[in-house]
Amino acid sequence: MRFAHDTGLIFWSQLRSNLRNPIWVMIGLSQPILYLVLFGPLIKGIAPALGTDVDPWKILTPGLVIQTGLMGSLFAGFAIISELRAGVIERQRVTPADRGALLLGRVLKDMVVLIVQALVLVGVAVLAFGLRPDPLGLVLSVLLIAVMSAGLAAASYALGLWARQEGTLASVLNTLTLPIMLLSGILLPMAVGPNWLRDIAKANPFSHTVDAARALFRGDFGSTDVYLGTGVTVAIALVLMVIGARSFARENA
């Protein structure tokens, strides 16, 4: 009970901070919407090469939701560096709050923010571009991406406490983010690439998350992409959560 109570306190504290200054949430959402508007017509142009009944918006939109989750969660560590500099982390260290709750409350806040951003992005695609995702598939895909985001956010918070400087953290994250995004097929399916590139992309676990999300958007629940992508995503998220939690606890000892 105490753990749940402490987690709730941290969650509401972090969420209120976002509500008081929502500009970063809006900025995080503006880029995917811009991609939706400007990159969508290009996807429509190559849609015939992907299949006769392919809906380009069911390819692009889930990829952009994943992009939102990747960018938002990977860069969550910058917030904790700011809190560290302001003395917030030092004050929390001397409280009897559970160290796991200090991390989980923040991660849950990031998951909620991502879910809201995802629903807004999908809403724009539905209203402006005629996207018609499977309702259950939409819910399941957003939950899957939120799980992915939780693992990445936990690792990012631990990295932020380790780096302690925005420049150091930015160098690490920028090195990781670009290959993850390029080799996940977020904007274009890897199926349109050469064989050697597709083989490399298979080693990127997030490419399986993208494939699973697209299959769920289509309502193709029996696809092997769904089972493989869900298993890989959950496994990676759990590993990152454990690593992040242990590192976070060690930095807050």
Side-chain angles (χ1 to χ4, degrees), residues 28-29 31-36 39-40 42-44 46-47 50-51 53-74 107 110-126 129-153 177 179-193 198 201-241:
L29 186 58
Q31 187 182 49
I33 291 178
L34 190 62
Y35 272 109
L36 193 67
F39 204 80
L42 298 178
I43 295 290
K44 289 181 68 175
I46 68 167
L50 301 174
D53 298 324
V54 171
D55 183 348
W57 303 111
K58 290 181 182 178
I59 294 176
L60 182 60
T61 307
L64 292 178
V65 174
I66 292 176
Q67 180 191 24
T68 303
L70 279 173
M71 300 302 292
S73 54
L74 277 174
V107 169
D110 292 320
M111 293 177 71
V112 169
V113 170
L114 169 62
I115 290 171
V116 172
Q117 290 177 317
L119 294 178
V120 172
L121 179 61
V122 172
V124 172
V126 168
F129 302 104
L131 171 69
R132 294 295 181 267
D134 182 89
L136 178 58
L138 170 62
V139 173
L140 294 176
S141 63
V142 171
L143 290 177
L144 179 65
I145 296 167
V147 169
M148 175 204 75
S149 177
L152 292 172
T177 304
I180 286 175
M181 290 185 59
L182 292 178
L183 293 174
S184 62
I186 284 178
L187 298 179
L188 286 173
M190 297 308 297
V192 301
R198 281 182 284 179
K202 289 177 182 178
N204 178 8
F206 299 103
S207 66
H208 301 294
T209 308
V210 174
D211 291 339
R214 285 176 173 148
L216 289 170
F217 257 64
R218 298 192 304 267
D220 190 4
F221 301 108
S223 170
T224 55
D225 288 335
V226 172
Y227 297 107
L228 177 60
T230 300
V232 170
T233 302
V234 172
I236 294 296
L238 287 175
V239 170
L240 290 177
M241 283 286 287

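Heavy atoms only: backbone and side chains are in, while hydrogens, waters and symmetry mates are out.
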Let me have the donor-acceptor pairs involving side chains of residues 216-231, under 3.5 Å, with sequence neighbours excluded, atom names and distances please.
{"unit_1": "S223", "atom_1": "OG", "unit_2": "D225", "atom_2": "N", "d": "3.1"}
{"unit_1": "T230", "atom_1": "OG1", "unit_2": "V226", "atom_2": "O", "d": "2.7"}

Check: residues 201-212 side-chain donor-acceptor pairs under 3.5 Å, at least two apart:
{"unit_1": "N204", "atom_1": "OD1", "unit_2": "F206", "atom_2": "N", "d": "3.1"}
{"unit_1": "N204", "atom_1": "ND2", "unit_2": "I180", "atom_2": "O", "d": "3.0"}
{"unit_1": "N204", "atom_1": "ND2", "unit_2": "L183", "atom_2": "O", "d": "3.1"}
{"unit_1": "S207", "atom_1": "OG", "unit_2": "A201", "atom_2": "O", "d": "2.9"}
{"unit_1": "S207", "atom_1": "OG", "unit_2": "N204", "atom_2": "O", "d": "2.7"}
{"unit_1": "H208", "atom_1": "NE2", "unit_2": "K202", "atom_2": "O", "d": "3.1"}
{"unit_1": "T209", "atom_1": "OG1", "unit_2": "T233", "atom_2": "OG1", "d": "2.6"}

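Every side-chain contact (heavy atoms from CB on, under 4.5 Å) that A237 has, sequence neighbours left out, goes to V147. Listed by chain and residue number, L29, P32, I33, L36, L64, V65, T68 satisfy the side-chain contact (heavy atoms from CB on, under 4.5 Å) test with L121 (two or more places apart in sequence, or in another chain). Under the rule for a ring-ring contact (aromatic ring centres under 6.0 Å, His included), the partners of F129 that lie at least two apart in sequence or sit in another chain are W57. With sequence neighbours left out, R132 forms a side-chain hydrogen bond (donor to acceptor under 3.5 Å, both in side chains) with no residue at all.
Side-chain contact check for L138 versus P62: every heavy-atom pair is 4.5 Å or farther apart. Within the 4.5 Å cutoff, the side chain of I145 has heavy atoms near those of the M148 side chain. Within the 4.5 Å cutoff, no side-chain heavy atoms of R214 are placed close to those of K58.
A side-chain contact (heavy atoms from CB on, under 4.5 Å) with L70 holds for exactly one of T177, L114, L152; it is L152.
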Apply side-chain contact (heavy atoms from CB on, under 4.5 Å) to residues L143 and V139 and explain how you reach the verdict.
CA-CA 6 Å; L143 290 177; V139 173; 4.1 Å; yes
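Sorted by first and then second residue, the side-chain hydrogen bond (donor to acceptor under 3.5 Å, both in side chains) pairs involving residues 139-151 (not counting sequence neighbours) form an empty list.
Atom CD1 of I115 is separated from atom CG of D110 by 11.0 Å, given to the nearest 0.5 angstrom. Here the CD1-CG distance, from I59 to D55, works out to 7.5 Å after rounding to the nearest 0.5 Å.
Pairing each heavy atom of P133 with each of V126, the nearest pair is CD-CG2, 4.2 Å.
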